[in-house]
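For reference, the structure discussed in these notes is given below.
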Amino acid sequence: LPMIEQGLQETELDVAGLDAIAFSRGPGSFSGVRINAAVAQALAWSQDLPVVPVSTLQALAQAASRLEGLEQVTAVLDARMNEVYIASFVLDEQGIMQCIDEEKLMNYEQAAAYAKHCLIGSGAKLLQADAEYQTITATAQDIASIARVYAAQKQWV
């Protein structure tokens, strides 16, 4: 909450001036996803705003586009216990990375076979030791870029 408050102050906005609240819906750590959802829900409820859930994997793919100019990626996050979260994305005409398959939880061998494009993210090195883009991480900027398009299309809850 202090980080949200700081961000609002830096942008000279307040919650009442927002059109929607976006959050990272996972996949990811159970506690982290629950905290994201709870805070987003509370802020949205307090102002009667819609909520835009954004995939963590999609945000990671968006970061790869923003940082490296990549247009086709397979986002991979370490899920621990010898598994990864994985999905492939392609850049659309609006500059948003769109999922072209299903987000999955898979063991390393299955995931390596499921991957379609250049591997990115914390799980990339688990599937390919020399993965070039394993250090790419998503930020609030990536979530906001996706959420802005979804909010305009009223793809919210």
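All residue numbers in this chain count up from 1 along the given sequence.
To the nearest 0.5 Å, atom CG of residue Leu77 and atom CG of residue Leu57 are 5.0 Å apart. Put simply, OG on Ser65 and CG on Leu91 are 4.5 Å apart, with the number rounded to the nearest 0.5 Å. Between the CG atom in Asn36 and the CD atom in Gln41 there is a gap of 12.5 Å [rounded to 0.5 Å]. Taking OG1 of Thr139 as the reference point, atom CD of Gln62 lies at 10.0 Å (rounded to 0.5 Å). Here the OH atom belonging to Tyr150 is positioned 11.5 Å from the OG atom belonging to Ser145, to the nearest 0.5 angstrom. To the nearest 0.5 angstrom, Thr135 atom OG1 is 9.5 Å from Lys125 atom NZ.
Under the 4.5 Å side-chain criterion, counting only non-hydrogen atoms from C-beta, Met97 is in contact with Val73. At least one side-chain heavy atom of Arg66 sits under 4.5 Å from a side-chain heavy atom of Asp142. A 4.5 Å side-chain heavy-atom check between Leu8 and Val15 finds at least one atom pair inside the cut-off. Side-chain contact between Pro53 and Val157: present, with at least one pair of heavy atoms (C-beta onward) separated by less than 4.5 Å. Using a 4.5 Å heavy-atom threshold, the side chains of Ser24 and Val54 count as separate. Two residues are said to be in side-chain contact when any heavy atoms from C-beta on lie closer than 4.5 Å; Phe23 and Val51 meet this criterion. When side chains are defined from C-beta on, Leu119 counts as touching Leu127, because their heavy atoms get closer than 4.5 Å. Within the 4.5 Å cutoff, no side-chain heavy atoms of Val76 are placed close to those of Leu126.
Other residues, nucleotides and ligands contribute at most 12 non-hydrogen atoms within 6.0 Å of the CD atom of Glu132. For Asp130, the CG atom sits in a packed shell: over 12 heavy atoms of surrounding residues, nucleotides or ligands are nearer than 6.0 Å. Counting non-hydrogen atoms of neighbouring residues, nucleotides and ligands closer than 6.0 angstrom, the CD atom of Glu71 reaches no more than 12 such neighbours. Annotation: Gln153, atom CD; neighbour count of heavy atoms from other residues, nucleotides and ligands within 6.0 Å is above 12.
Residues Glu103 and Arg25 are paired through a salt bridge, judged by an N-O separation under 4.0 Å between the basic side chain and the carboxylate.
Side-chain contact check for Glu10 and Gln6: at least one donor-acceptor pair (N or O, by modelled atom type) lies under 3.5 Å. Neither side chain, Asn107 nor Glu83, offers a donor N or O lying under 3.5 Å from an acceptor on the other.
Minimum interatomic distance between Ala124 and Ala131 (heavy atoms only, all atoms of both residues): CB-CB, 3.6 Å. Of all non-hydrogen atoms in Tyr85 and Gly28, the two that sit nearest each other are OH-O, 3.8 Å. Considering all non-hydrogen atoms of both residues, Val84 and Ala111 come closest at CG2-CB, 3.4 Å. The shortest non-hydrogen separation linking His117 to Ser88 is CD2-CB, 4.0 Å. Nearest heavy-atom pair, Ala79 versus Leu105, reported as atom, atom and distance to 0.1 Å: CB-CD1, 3.6 Å. The shortest non-hydrogen separation linking Cys118 to Tyr133 is SG-CD1, 3.3 Å.
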Full working for side-chain contact (heavy atoms from CB on, under 4.5 Å) between Tyr114 and Glu109: CA-CA 9 Å; Tyr114 191 69; Glu109 186 177 312; over 6 Å; no
side-chain contact (heavy atoms from CB on, under 4.5 Å) evaluation trace for Gln98 with Ile96: CA-CA 6 Å; Gln98 296 293 340; Ile96 301 299; 3.3 Å; yes
Intermediate values then yes/no, side-chain contact (heavy atoms from CB on, under 4.5 Å), Arg34 and Val39: CA-CA 9 Å; Arg34 287 189 65 180; Val39 170; over 6 Å; no
side-chain contact (heavy atoms from CB on, under 4.5 Å) assessment of Ile4 paired with Leu43: CA-CA 10 Å; Ile4 292 169; Leu43 289 172; 3.9 Å; yes
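In terms of modelled atom types and a separation under 3.5 Å, the side chain of Gln47 and the main chain of Asp19 share no donor-acceptor contact.
Connection of Leu49 to Val52 is not established within any shared hydrophobic cluster, with ILVMFWY side chains joined at heavy-atom distances below 4.5 Å, either directly or through further cluster members. The cluster map of Ile, Leu, Val, Met, Phe, Trp and Tyr, joined by side-chain heavy atoms under 4.5 Å apart, puts Leu1 and Leu18 in the same cluster. Placement of Ile120 and Phe89 within a single hydrophobic cluster is found when ILVMFWY residues are connected by side-chain heavy-atom separations under 4.5 Å, directly or transitively. Ile21 and Ile143 are not part of a single hydrophobic cluster, where members link through side-chain heavy atoms under 4.5 Å apart.
Residues passing the salt bridge (charged side-chain N to carboxylate O under 4.0 Å, His left out) test with Lys116 are Asp101, sequence neighbours excluded. Under the salt bridge (charged side-chain N to carboxylate O under 4.0 Å, His left out) criterion, Asp78 pairs with Arg80, not counting sequence neighbours.
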